[in-house]
Amino acid sequence: MPHHTVFEAKIEHLQILDETGNLDKKLAKDTLNDDQVVYLYEQMRICRALDDIAFKLQRSGRMGTYPQNKGQEANAVGSALAMVKGNDWIVPSYRENAALFMHGMPMHMVIQYWMGDERGSQFPDGVNITPLSVPIGTHMLHATGIAWAMKQRKVKDAAVITYFGDGATSEGDFHNAMNFASVMQVPTIFYCQNNSWAISLPREQQMNSATVAQKAIAYDMPTIRVDGNDIFAVYKATQDARKRAIEGGGPSFIEGVTYRLADHTTADDASRYRDPKEVEAWAERDPLIRTRMYMESVGVWDDKKQEELETRAETIVKEVINTAISVPEPDKADFFNYMFAEIPEDLKKQRDTMRTTSIGRNPSQIGLKAPAQAVAQNA
Amino acid sequence: MPHHTVFEAKIEHLQILDETGNLDKKLAKDTLNDDQVVYLYEQMRICRALDDIAFKLQRSGRMGTYPQNKGQEANAVGSALAMVKGNDWIVPSYRENAALFMHGMPMHMVIQYWMGDERGSQFPDGVNITPLSVPIGTHMLHATGIAWAMKQRKVKDAAVITYFGDGATSEGDFHNAMNFASVMQVPTIFYCQNNSWAISLPREQQMNSATVAQKAIAYDMPTIRVDGNDIFAVYKATQDARKRAIEGGGPSFIEGVTYRLADHTTADDASRYRDPKEVEAWAERDPLIRTRMYMESVGVWDDKKQEELETRAETIVKEVINTAISVPEPDKADFFNYMFAEIPEDLKKQRDTMRTTSIGRNPSQIGLKAPAQAVAQNA
Amino acid sequence: MAVQTLVGAITSTLDQALAADKDIIMLGEDIGLNGGVFRATDGLQAKHGKDRVVDTPLDESGIMGTAIGLAIAGMKSIPEIQFEGFLGPAYDQLVNHAARMRTRTRGAVTVPMTVRVPVGGGIHAPELHSDSPESIYAHSPGVKVLMPCTPYDAKGLLNSAIKDPDPVIFFEPKRVYRTFKEEVPDEYYEIPIGKAKVVSEGEDLTVVTWGATMFQALEAIDSLPEDVSVELIDLRSIYPFDMDTIAESVSKTGRCVIAHEAPLTCGMGAEIAARVMEECFLNLEAPVQRVAGFDTIMPYYKLENEYLPEAPRILQGITECLAY
Amino acid sequence: MAVQTLVGAITSTLDQALAADKDIIMLGEDIGLNGGVFRATDGLQAKHGKDRVVDTPLDESGIMGTAIGLAIAGMKSIPEIQFEGFLGPAYDQLVNHAARMRTRTRGAVTVPMTVRVPVGGGIHAPELHSDSPESIYAHSPGVKVLMPCTPYDAKGLLNSAIKDPDPVIFFEPKRVYRTFKEEVPDEYYEIPIGKAKVVSEGEDLTVVTWGATMFQALEAIDSLPEDVSVELIDLRSIYPFDMDTIAESVSKTGRCVIAHEAPLTCGMGAEIAARVMEECFLNLEAPVQRVAGFDTIMPYYKLENEYLPEAPRILQGITECLAY
Ligand SMILES: Cc1ncc(C[n+]2csc(CCOP(=O)(O)OP(=O)(O)O)c2C)c(N)n1
Ligand SMILES: Cc1ncc(C[n+]2csc(CCOP(=O)(O)OP(=O)(O)O)c2C)c(N)n1
Ligand SMILES: [Mg+2]
Ligand SMILES: [Mg+2]
């Protein structure tokens, strides 16, 4: 056969709950029940409130850079619900707060983290989440490795989900994580939040491919594109992927098509590079609006409930901020104490004297007793 | 449309000259004429002779590690002929010797290189070839960059071809080079010699994908799988890719399915990990056998020509080796002289004294005049 | 003559370079329409074109590797890496390709490339946005490493870097991007690579530093007693570095303090200290003191000032060295 | 008690470790059926299974990154990087993830991983197969760095590395993989990380070295006049390193020569020289002399012996230091 086709592939797109709150009942079968929908809506709303207050905190100078999740929350909550808390691991980026909260991360820790305190990543025992990851596109390999350990130890009913953006798929480590996961056939779910932008770079300049989902074809990895603002589609795709994963079917890829409604972070000004019309159009496709329309249409939600939720969300996030703010300041030498399980002698000396000069480390060199004294004496 | 297909792709396989020397005339149209076939056969045969003599040199201890090209030569010659010498650039790996020779690299330089001499990569002016590259999978980015420069400068009728193995496609930089090339739409041809092995790792453990060619789908890059032992198919695929490249159609991917008939390098023992039956089966698909059968079938070749060629090849490669061996030894400080266009003072001192000790660099510190004297005096 | 900040001087130098040489191409993340996350390239795309100030995919190895290819083909590439922490993914291309190409080919293939990288701590940024990896590259043969800390020097050294036929890493101390302005000549000028600057002359002790730490050193020196006279040297060029100026100074003063943000162990301070001993052994009246970052990960911003070699620590180092 | 080469000791130590701890997993290129390109893992896959001695795709970042993931999940991963030159693509994972994970999470997530890497020159290998990057990692906080040069030390330090709850880079000087054999106890033992070895005691001068250069130093010392007494220290542990043993020795001898293959500038020799000055200032009778690789790319093998700090250069360093 001189000229023939040796491989074929296609990418499917899934939407179950459309922009107007209409549900495709057939596709929705065996996905979310109404209680779950309400629960996810609440999670999204609370997360949105956290965004708002964090933004204000940053603007008033009480917090550093913070990346809002606004507009993308359906990806986080829909997928997190399909994963099993306690069994599974999450290897996050930084724009899926609600997923982390649903899997046991105390909410105030994310604020603590963005306030420049590593203790915000010191998750309690049993919370299977790796730290938020600033270096883009490099953490997914850990998801492959953690899932590999699950396979190796024959852990039952366990999988790993890792989140990342459209921009992250350009990094070499994206390719590395996908290739290793598919070769080793480990239970990793690669969830790409394609929000169309990587800071100022639109998706069309990030990649030449029509979809992100097709990148998984390179690895013969099951892959799907879903409406990322549709909690049903997100849930369904993740549920399918997890089922495949725990049954030994290896990794899967999910592209959630979504949009970041806020600036990249509080350090960014998206109006420099984004058409306001584009933002407006996407604001209408906000997952919160859509989910609320659905809930109202099936009679499980009304204005009163909405009001109550908003008040509750307000209360919760204020408390979260208070908790974050009232955490005692870290010891000044905190950053030494976790360098290794056991700190080498020389590092201990650096820590105990907060000095690197030889005389500082050994003040006896100039006949002094302690560094503090040395300063007093000479300054 | 809740559930629908948003992307489709397929991989075609091309073979024109089959294992028994049969040519598909329709597909062969506008590819190689018989003179060209003879020329390519000669190139392959000479390259094979070079392999043989290099192997012997290494075994007799007169040369370091050398990677044989044996069995893969059709990929090199077929693609090199489709490229335009002087206009195009080649960014090679280390298993396409014949392509480099056809584009002007003096043959003895490859031997000089493997004899551990950087001057073997000091190609003459006008030879558009980057050095052989030992770090696997990392050089293709340069092909993307060089092609980008061509696009930027609006150079007409120019493209870049880069060669690499199946193993190389696992490195992150493969992904990086492919993505940049497709986003920037530059005239780069990615030629993968899929010889089924990366040292001891078979292709099936290197990747989960059924073909290498499908990796290009991730970038919406035109891609094809060809019989890499068929000079017609290789030539045709490269010709098509180059045409597309110079017409502004951007990069292309070619997977040449081939086999390395020798050990990975002279430092390797493939019998540790390869089934001899597999090697035997592929030996029958040797591009030299196939091409010769074709040439004989169309009456442009016979035993006498074969004999003459073998004698000529023998003569050429002996001369090549003699040239390589008779190159004067490099200056002992040669490795200093090309660190920068202009050598910094301290480095000059290191070079002129061949010392790094402070006293060595400044022998006056102990009242000496020159380093040589210092030794004599103290030893 | 314009009064400019450090980042302003960089922008206008790049602007002039782009205008003067059609072979220059800039590439990096968000450097186009957005003008770079520090606005160092603000307006340059609009003025010089999308094909000359190029927004790239999010991929540092891709940026570095294609910048190498561009340079091999005769362009002068100026890649920007958004923060020094993201040199990580580009490390292999930089150290194993860019730095080696000339010597590997005995001069046949070269890489005239200037890698611009904001560097260092002190701006309350997230993780991996505050490191100081200069000694990693000083130890990697084949690249030149610069770190100016004033607008005037930034322009002169950036011009030298761009003109240089070999790969240069141009570190920009982000902490002082906008802290002060100074007069910067409009016309083109160069400052030679490999020459340190004697910021102030003195007799009792030599302080060697570079980058944002320069201003901490100035503050420390300011609070010394009147009768102590310090010679302050801005290294500026990390590799090659100007040992002659340092050795001459320490031979005179007999005492030396080196200050830098990077971790102590195997930092550039170690090299300078070792050389000072080698070259000024008989003149040294005290061991060279290094006031450096600790051998820890640069902490997130809540504690970054504890990590950084701030003025009080430099002052301690100086006073103790004087007391030896 | 078996008589073993360095590489033999490594193989048998790995064999014992795999047998003793089911959580250990080895991964790397060609380490399985092929037994590694140096045969360091010969027979281990056949004995312990394809899922415990795993042939990976050709991708160092993938190896390092998944090894980190495995370790996070509680396995003890032992990745092999085929040659030190190929740490390049894995650099970011190693330095920016493995090394930072514990401190980033204040102890909640840790990476117990031992990265095995053949290191150094002298075996007539192609480009990027002969480098010595140890000081890069000594300067990168959060990883421990070892480089034993004898079979006995290799076993003891490899055991310590595997047991260590943090990432350790275990450099194996390939030049001496098979040059000699010595007795290596069959039973499990450890050599503490961070302790140097005094190979021979002496009064006149201290030589500090590590890796394959140890044997060049021994050769140099052998050809010294009878009446010169040299104290030879094998650093073994590059980070943390045993400054106490060095300082004690130099305080006694007053003279010090450091020898290593890595380039001079910002090499580990710079750090040790700086510390020797800092800690032994009043005892030093001569500047510390560094016999190191040059600040050049390690040349291809035709000239590699010109680059390496071979015995004659070490001898020169010693004699000149003594003459000071
Ligand atoms: C390795 C690396 N390079 C660059 C950056 C700077 N940076 C931070 S976020 C970002 C864009 C990320 O885009 P994407 O992956 O799409 O995620 P999103 O922010 O859209 O959720 C960039 C370039 C970084 N943090 N890490
Ligand atoms: C970055 C890097 N990692 C590892 C190696 C060691 N190595 C040399 S060749 C090779 C296999 C290459 O396989 P492939 O890309 O298929 O090319 P082939 O040798 O089959 O032509 C390996 C692992 C290397 N040279 N570079
Ligand atoms: Mg995005
Ligand atoms: Mg191969």
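Quick note on labels: first sequence line is chain A, next is B, and so on, each numbered from 1. Note that this is a predicted model, so its numbers are computed, not measured.
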Is it the side chain or the backbone of [X] that comes within 4.5 Å of chain B heavy atoms, both, or neither?
X	answer
Lys144(C)	both
Pro165(C)	side chain
Met101(C)	side chain
Thr56(C)	both
Leu282(C)	neither
Val54(C)	side chain
Asp55(C)	backbone
Asp164(C)	neither
Asp92(C)	side chain
Ile25(C)	side chain
Arg275(C)	side chain

Mutual orientation of the aromatic rings belonging to [X] and [Y] [parallel < 30°, tilted 30-60°, perpendicular > 60°]:
X	Y	answer
Phe253(B)	Phe190(B)	parallel
Tyr239(C)	Phe241(C)	tilted
Phe174(B)	Tyr219(B)	perpendicular
Tyr137(C)	Phe171(C)	tilted

For Met150(B), is it the side chain, the backbone, both or neither that has a heavy atom under 4.5 Å from a heavy atom of chain C?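 The answer is neither part of Met150(B).
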With a 4.5 angstrom heavy-atom cut-off, could you sort out which part of Leu347(B) is near chain C: side chain, backbone, both or neither?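 Only the side chain of Leu347(B) comes within 4.5 Å of chain C.
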I need the residue from Thr130(B), Val183(B), Asp334(B) with the largest number of non-hydrogen atom pairs under 4.5 Å to chain C.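 So the answer, after comparing Thr130(B), Val183(B), Asp334(B), is Asp334(B).
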Winner by heavy-atom pair count (cut-off under 4.5 Å) against chain C, out of His175(B), Gln365(B), Glu345(B), Arg153(B):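 Between His175(B), Gln365(B), Glu345(B), Arg153(B), the count favours Arg153(B).
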